[in-house]
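What follows is one structure encoded as structure tokens, with my remarks underneath.
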Amino acid sequence: MKIADIRTHVLEAELDQPFSYSRAWYAKRASLIVEVVTDTGIVGWGESYGPAAINAAVIKHFRPFLIGQDPMRTEWIWKELYASYRDHGQKGSVIQGLSGVDIALWDIKGKFLNQPIHALLGGWQRKSVAAYATGLYRRESGDPVDYLAEEAMGYCAEGFGAVKLKVGFGIETDRKAVEAVRQAIGPDIGLMIDANHAYDAVSAISLGRKVEHLDIGWFEEPIPPEDIAGHIEVKRALTIPLAGGECEFTRYGFRDIMVRRAIDIVQPDICSAGGLSECKKIADMAGAFGIRFAPHVWGTGIAIAAGLHLLSVLPDLTPPSLVPQEPMLEFDRTAHPVRAELLVDRIEHENGWVAVPEGPGLGVEINRSVLERYRKAA
Ligand code: CA
């Protein structure tokens with residue numbers, strides 16, 4: 001089997017209601033879908049997270065190398081592409097493009113062997129994964145204290161056992177929002193907060209101290225990802241576990257975080273940090289360092305399926321025990337028209353749990369008409 005072609009699909013969809021996190025407003029959602037075609041007719045699908053047009057250009061640059069290669073050689077292809085771009089692309093778009101290609105190659109591998117990816121990555125340890133609801137963003141109108149509390153209660157009613165709230169809007173504003181959501185959901189639902197690195201260490205510690213009595217599951221990206229010393233400072237000052245890693249790349253980037261124990265829960269994005277090949281390695285490294293693993297997932301059904309296959313094969317976060325702490329899936333509840341329509345069978349949760357796909361490869365079928373409907377004009 002040989003790679004015959006590789007295509008990139010840059011998609012974009014307008015949102016009816018814009019929403020914001022601490023650093024920007026979203027008025028539309030963009031996606032980069034990667035299609036790898038083989039000479040056997042098997043097609044593999046991948047997705048890259050990040051700036052879609054730039055990552056698509058990266059993949060076009062990979063194309064001459066990839067054409068004619070054996071797609072089963074995922075480790076070799078990863079190594080060769082990484083080495084070719086190492087001098088200029090150890091992080092960022094080169095790795096995001098590589099991630100999309102790697103996921104598509106795993107989809108091909110599974111389809112060729114007629115096995116789901118989880119069977120090839122080590123075999124399932126769980127067939128459904130507990131999901132937490134990512135939502136609780138800011139809206140253009142209304143009082144956040146009211147609409148965040150109401151939205152959070154909606155997730156509880158759907159059966160989610162944990163929710164994640166966006167913070168980073170100012171310490172007092174954040175404190176009020178965290179208190180309102182905790183009060184709304186009660187003491188038994190997990191509550192995580194995510195600042196998208198809007199703070200510095202001083203402000204992050206200040207906010208953390210004001211909310212740590214509210215049983216916060218983790219404080220995600222309190223400060224810029226490149227400030228490892230700052231992470232250590234925040235971690236030492238607070239009892240809240242520190243999470244982060246959606247802006248980090250490859251085993252090498254995560255090695256530097258892990259050896260310094262700068263983060264309690266690492267969150268690589270499979271569509272960004274190096275694909276399934278690399279994120280399995282990062283997960284294994286996290287296990288060796290006694291650090292928890294909770295992948296960042298912010299894409300379409302392809303990204304969610306990739307996350308489910310990886311989460312399926314990982315051991316519990318805590319050592320074997322009768323009451324294990326299991327790794328969780330990030331389940332984005334915000335508006336995303338492409339995510340809603342791309343798969344023939346949408347990945348849904350049931351009472352806060354998501355089943356791992358059982359079909360060959362990623363186990364998802366792409367609705368090709370969606371690629372045309374949302375294709376961004378070049
Ligand atoms: Ca985040």
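Each ligand, and each atom within it, is numbered from 1 in the order the structure gives. The chain is numbered in sequence order, starting from 1.
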Notebook entry, point to check: If you link I, L, V, M, F, W and Y whenever their side-chain heavy atoms are under 4.5 Å apart, who else ends up in the same group as Tyr26?
Noted result: Leu15, Phe19, Tyr21, Tyr49, Tyr137, Trp298
Check: Which N, O or S atoms belonging to the protein are less than 3.0 Å from the Ca ion (ligand 1)?
Finding: Asp194 OD2, Glu220 OE2, Glu246 OE1
Check: Hey, is Lys164 close enough to Glu330 for a salt bridge, meaning N to O under 4.0 Å?
Finding: yes
Note to self: Ring-plane angle category for Trp45 and His9, please: parallel below 30°, perpendicular beyond 60°, tilted otherwise.
What the structure shows: tilted
Checklist line | salt bridge (Lys or Arg N to Asp or Glu O under 4.0 Å) partners of residues 342-363, not counting sequence neighbours, each pair once | finding: Arg346-Glu348
Margin query: Please identify which of these residues, Glu341, Glu12, Lys28, meets the side chain to side chain donor-acceptor pair (under 3.5 Å) condition with Tyr374.
Written below: Glu341
Notebook entry, point to check: Got a sec, which pairs hit side chain to side chain donor-acceptor pair (under 3.5 Å) with one end in residues 179-189, sequence neighbours left out?
Noted result: Arg175-Glu179
